[in-house]
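Residue numbers start from 1 in every chain, and the chains themselves are labelled A, B, ... in the order their sequence lines are given, proteins ahead of strands.
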Amino acid sequence: MNISDGKRRFPWWHEAVLGVLLIALLITAGIVNPGFLNLRGQLLLSRHLWEFALLALPMTLIILTGGIDLSVGSAMGMCAVAFGMCYSSTGSVALSCLVCLLVGVAGGGVNGWLISRMNVHPLIVTLATYAAFRGLGEGLSQGESYSQFGEDFSEVARGMWGGVPIPAYLFGLLALGCALFLSRTPGGRYVYAIGHNEQAVRFSGVNVGRVKLLLYASSGLMAGLTTIIYVSRFDTAKADAGTGFELDVITAVVVGGTSIYGGRGNIGGTVLGLLLIHETRQFVSRQWQVDELKSIVVGLLLIGSLLLYRGMQVRNRE
Amino acid sequence: MSSLTDIAIRVLRQREVGLLLLIIVVTAIVSTVDPGFLAVGNLKDILVRSAPTAIVACGVMLVVVTGEIDISVGSLMALLAALMGLLISRHEWQLSMWVGIPAVLLCGTLIGLLTGTLVTLGKVPSIIVTLGLLTALRGATTLLMRGENIDGLPEGLQSLAKSGIGGLPLSVWTAMGVLMFTGVIITHTALGRRLFALGSSAYAAKMTGLSETRLKLFAFAYTGFLTALATVVDVPRLPKIESGIGNGFELLVVTCVVVGGVAISGGRGRLVGVMLAVVLLTMVRPVLTFLDVGEAGEKWTKAIQGLFILLAVITDTVVSRRPTGSARGPVPVKPSSHLESEGAPA
């Protein structure tokens with residue numbers, strides 16, 4: 001849909017709209033509550049943002065190919081249990097982290113294998129693993145929670161370097177990597193091309209199956225990585241880790257302007273989407289002190305942004 | 001190619017037969033371990049548990065048949081339950097049941113219509129609309145209930161929902177009625193044929209002059225109505241209304257629809273398959289209880305449900321890839337999914 005008819009004037013409409021919305025929100029928030037714009041306070045409250053943010057990176061790539069991954073939150077539950085069980089039997093944090101990542105890759109690999117080799121729709125596959133991963137975690141751990149992984153490990157998520165939480169650096173690095181991958185490598189072009197016309201990409205000799213397999217496996221890997229941060233932040237590993245994360249992550253990616261049909265979107269949009277949702281939540285919860293309002297606002301933001309994008313598209317075509 | 005595998009493949013192609021065999025095998029195994037599984041009380045319990053899922057699955061199936069999806073029914077159920085509690089419980093507004101219940105049904109239908117409008121006229125993909133509603137409606141529910149549970153629904157409604165008429169609760173009778181009604185719509189009306197036609201090829205349907213907007217609006221509104229109906233007949237069975245009602249219900253319903261053999265790309269599926277899937281998936285928990293695996297077993301419920309979907313889709317792929325000796329060739333694989341085909345030739 002984005003393939004222009006020769007005279008596309010300005011290609012950054014989505015980002016511009018998101019930027020304007022974000023700035024408008026921040027200005028309003030700043031006027032209503034002057035303490036809101038304090039950078040230190042913002043960074044302190046940003047801790048749980050980084051977990052969504054990390055998951056949103058592979059999710060952007062997957063949605064760009066026209067797929068979806070509903071299982072990331074459940075994969076986190078499974079990874080957390082693997083982490084906890086490994087720690088309680090070996091007592092080694094490093095080994096537990098490794099197991100956690102491996103379990104994540106394995107889970108993502110199962111998704112990728114079913115989607116690319118068995119040709120099943122991603123929505124169905126990840127719906128199945130959404131239930132299966134969480135169920136595996138619950139079944140294996142029997143609802144038990146593991147905790148007390150030591151002071152040093154807590155520093156992974158709680159520590160600050162120069163006033164900025166450590167996971168933020170990780171996100172910055174990975175986001176840059178993903179953005180460069182998408183815009184500067186053949187692999188990135190394949191991701192967009194698969195989203196536009198998978199059949200054509202396959203006929204031009206690209207191993208579409210392998211690209212998809214790698215994408216879903218990397219989503220699993222990211223779930224493992226996120227679990228490590230999550231477990232470190234709460235110092236607890238339980239099967240309910242990451243419950244409902246998939247919805248927030250998908251919301252951020254879609255609000256960020258990535259088309260759910262694939263082929264259009266970028267990492268910059270996703271970063272803006274993440275910030276917009278995060279700031280909206282912060283503002284709503286500070287202003288009205290009602291937690292439930294947050295989910296209403298985020299749900300409406302999701303539907304509203306898509307309506308807006310649709311409206312813009314129609315106008316562009318005219 | 002032996003004739004035995006040939007027959008096996010042909011049998012498995014009929015999703016209903018496979019599901020029925022699975023139900024029979026599981027029942028046989030469990031009842032040898034504990035004959036109490038076949039007691040009338042337990043069978044009735046399975047029926048009662050499956051009733052709300054069956055009712056809503058009838059609607060969601062039609063939505064999926066048109067090539068869309070609805071994952072908001074769980075939150076919608078919670079919102080409607082809260083609304084029903086506020087309207088007719090004796091601690092709140094104390095409206096008459098005969099005003100309150102039609103209001104709940106109307107509200108469900110209107111929210112279904114709203115979803116449909118956003119999908120058809122707003123042109124927002126249904127997965128996104130219902131994902132947004134899943135979050136928003138859940139938030140609205142907790143807001144509406146102000147963190148408190150609601151009890152004190154009218155006695156009459158409670159006893160109808162619990163013991164019911166002729167030994168079966170109201171929800172089971174309603175489920176039977178809805179099943180028959182939906183069955184008639186699908187097999188005996190033009191509306192049913194049109195829904196399937198739209199799902200198998202939106203482009204061809206449009207060229208024949210069918211209104212995509214109206215058909216999809218119907219499917220979503222019907223789902224909203226049925227969700228309200230399921231709420232009205234099933235929720236009074238519970239001792240009190242909590243904001244957590246219907247958590248995960250949307251996924252259970254979609255699972256039933258998919259395991260029941262409805263193609264997610266639209267246009268294909270049978271009601272019988274969906275109902276067998278509802279029974280099979282509802283059986284998981286009672287079966288685990290009867291196998292006496294205790295608390296440990298119940299924790300595996302979700303894993304087993306996930307496994308069922310995986311099994312269903314894998315059989316689908318394996319079976320459709322291997323041609324039988326008959327003239328019936330392999331089922332052609334659609335090149336594009338329903339999500340992509342949305343942007344069809346304009």
Counting heavy-atom pairs under 4.5 Å with chain B, which one of A/T129, A/L114, A/I124, A/T251 comes out on top?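 Most heavy-atom pairs within the cutoff with chain B belong to A/I124.
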Residue, of A/L127, A/V110, A/V254, that accumulates the most heavy atom pairs under 4.5 Å with chain B: A/L127
With a 3.5 Å cut-off and sequence neighbours excluded, list the donor-acceptor pairs that the side chains of residues 242-256 of chain B form with protein atoms.
from	atom 1	to	atom 2	distance (Å)
B/E250	OE1	B/G74	N	3.2
B/E250	OE2	B/G248	N	3.3
B/T255	OG1	B/L251	O	2.5

Just wondering, do A/E246 and A/D69 contact through their side chains at under 4.5 Å, heavy atoms? no
Side chains of B/L280 and B/L22: closer than 4.5 Å at any heavy-atom pair?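 The answer is yes; the side chains approach within 4.5 Å.
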Would you please say whether a donor-acceptor pair under 3.5 Å links the side chains of A/N111 and A/S71?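 There is such a pair between these side chains.
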Tell me, side chain or backbone of [X] under 4.5 Å from chain B's heavy atoms, or both, or neither?
X	value
A/L70	neither
A/Y130	side chain
A/V120	side chain
A/L301	neither

Bottom line for B/L134: the part with an atom under 4.5 Å from chain A's heavy atoms is side chain
Proximity breakdown for B/T142 and chain A, heavy-atom pairs closer than 4.5 Å: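 B/T142 touches chain A through backbone and side-chain heavy atoms alike.
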If I compare all heavy atoms of B/I111 with all of B/L137, which pair ends up nearest, and what's the gap?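 Here B/I111 and B/L137 meet closest at CG2-CD1, 4.4 Å.
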Partner set under salt bridge (Lys or Arg N to Asp or Glu O under 4.0 Å) for A/R202, not counting sequence neighbours: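 For A/R202 the salt bridge (Lys or Arg N to Asp or Glu O under 4.0 Å) partners, ignoring immediate neighbours, are A/E198.
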Treating B/T223 as the side-chain partner and B/G59 as the backbone partner, does any N or O pair qualify as donor plus acceptor under 3.5 Å?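 Flag set: sc B/T223 to bb B/G59 pair under 3.5 Å.
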Which of B/T301, B/I304, B/I128 touches chain A most, by non-hydrogen pairs under 4.5 Å: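 When all of B/T301, B/I304, B/I128 are compared, B/I128 has the most.
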